[in-house]
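Counting begins at 1 with the first residue of the sequence. Below, all heavy atoms of this structure are taken into account, side chains as well, without hydrogens, waters or symmetry copies.
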Amino acid sequence: MRNCHRVLGAIAVLLISAPAAHATSAGAPESRGVPPRATDAISRPAVPLPWGDSLSIDRTGYVNRGGTVTVYGTYRCAYDTMDSPRASIVVTLTQGAERDSLGSAPAICDGRQHRFSVDGSGYFVDGPAYAEARMVKYGDRGDFVPMPRTVADTEHSVTLVNPMR
């Protein structure tokens, strides 16, 4: 399922960027041998990528003696006028027979990449574990009640380490 999302994302990037690349090369001053002005690059604001929500979890998490775990990662949440500019990242961790939802972290949907961290407690120890994360947006979308929907997810093995050892 994750590979399907990656393929669709790559196709979307190609389809979106192809018309822009064609339009800029046709009559741009650079294509006629005229160098671009330095003020052009400065005066244009940087626009975040308009596509794709993405989410990743770091391969290493941290656990203390009491079983409290901290998991870090990165996300990009695209802004949509139909949605709230905020979302949540929910993380679940599994180690052996122990499976706990660690909690959630707030996410800002501005199209830029951000870091997040989620803390939770359970009966976790040093060693391998399995982490799942989901980014959930709450949007209007014409429904009577704003319904949550998962816009990005990831899951993979992580290693829990105790930094105090």
Side-chain angles (χ1 to χ4, degrees), residues 1-21 44-64 66-163:
M1 185 65 155
R2 187 171 60 211
N3 288 336
C4 179
H5 288 252
R6 287 181 182 164
V7 169
L8 290 175
I11 291 171
V13 167
L14 290 174
L15 290 175
I16 291 171
S17 63
R44 281 183 266 156
V47 179
L49 297 175
W51 56 83
D53 298 309
S54 63
L55 182 62
S56 68
I57 303 172
D58 293 355
R59 296 282 180 179
T60 303
Y62 299 94
V63 61
N64 66 15
T68 301
V69 177
T70 304
V71 175
Y72 297 94
T74 59
Y75 72 90
R76 175 179 286 133
C77 183
Y79 178 71
D80 185 357
T81 56
M82 296 292 292
D83 293 332
S84 167
R86 303 213 179 265
S88 295
I89 298 169
V90 181
V91 178
T92 302
L93 193 65
T94 305
Q95 188 178 48
E98 181 72 16
R99 179 180 168 91
D100 275 328
S101 175
L102 296 182
S104 65
I108 299 171
C109 297
D110 60 0
R112 297 188 178 136
Q113 189 167 0
H114 299 278
R115 296 279 300 160
F116 73 89
S117 68
V118 176
D119 299 322
S121 59
Y123 298 102
F124 297 107
V125 295
D126 294 4
Y130 190 75
E132 302 170 40
R134 303 210 184 314
M135 185 165 30
V136 179
K137 279 187 182 178
Y138 304 91
D140 195 6
R141 300 283 182 195
D143 296 332
F144 181 68
V145 177
M147 297 300 293
R149 67 185 197 289
T150 301
V151 294
D153 60 349
T154 185
E155 51 189 56
H156 60 77
S157 297
V158 297
T159 302
L160 299 180
V161 296
N162 186 342

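Across all non-hydrogen atoms, the minimal contact from Val63 to Pro163 is O-CD, 3.9 Å. Across all their heavy atoms, Asp110 and Tyr79 have their closest contact at CA-CB, 4.5 Å. Of all heavy-atom pairs spanning Ala129 and Gln95, the tightest one is CB-CB, 4.1 Å. Of all non-hydrogen atoms in Val69 and Leu93, the two that sit nearest each other are CG1-CD2, 3.7 Å. Contact record, Ala133 with Val91: CB-CG2, 4.2 Å, taken as the closest heavy-atom pair. Residues Ala78 and Asp53 approach most closely at N-OD1, 2.6 Å, considering heavy atoms.
In this structure, OH on Tyr72 lies 5.0 Å from OG1 on Thr70, to the nearest 0.5 angstrom. Going from atom CZ of Arg112 over to atom SG of Cys77 covers 13.5 Å, rounded to the nearest 0.5 Å. Here Asp119 contributes atom CG and Leu102 contributes atom CG; the two are 8.5 Å apart, rounded to the nearest 0.5 Å.
Side-chain contact between Thr159 and Pro128 is absent, with no heavy atoms from C-beta onward closer than 4.5 Å. Using a 4.5 Å cut-off on side-chain heavy atoms (C-beta onward), Thr60 and Val158 make no contact. Counting heavy atoms from C-beta on, the side chains of Thr150 and Met135 never come closer than 4.5 Å. Proximity of Cys109 to Arg86: side-chain heavy atoms (C-beta onward) are nowhere separated by under 4.5 Å. Side-chain contact check for Lys137 versus Pro148: every heavy-atom pair is 4.5 Å or farther apart. Using a 4.5 Å cut-off on side-chain heavy atoms (C-beta onward), Arg59 and His156 make contact.
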Steps toward side-chain contact (heavy atoms from CB on, under 4.5 Å) verdict (Glu155, Ile57)
CA-CA 8 Å; Glu155 51 189 56; Ile57 303 172; over 6 Å; no
Determine, step by step, whether Asn162 and Tyr62 satisfy the side-chain contact (heavy atoms from CB on, under 4.5 Å) criterion, reporting the C-alpha distance in whole Å, the side-chain angles of both residues, the deciding distance to 0.1 Å, and the verdict.
CA-CA 6 Å; Asn162 186 342; Tyr62 299 94; over 6 Å; no
Take Asp58 and Arg115 through the salt bridge (charged side-chain N to carboxylate O under 4.0 Å, His left out) test and state the conclusion after the steps.
CA-CA 10 Å; Asp58 293 355; Arg115 296 279 300 160; 2.7 Å; yes
Before giving the answer on side-chain contact (heavy atoms from CB on, under 4.5 Å), spell out for Leu55 and Ile89 the whole-Å C-alpha distance, their side-chain angles and the decisive distance to 0.1 Å.
CA-CA 9 Å; Leu55 182 62; Ile89 298 169; 4.0 Å; yes
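Ser56 and Thr74 share a side-chain donor-acceptor pair at under 3.5 Å.
By the 30° and 60° cut-offs, the orientation of the rings of Tyr75 relative to Phe116 is tilted.
In Tyr130, the OH atom is crowded: over 12 heavy atoms of neighbouring residues, nucleotides or ligands sit closer than 6.0 Å.
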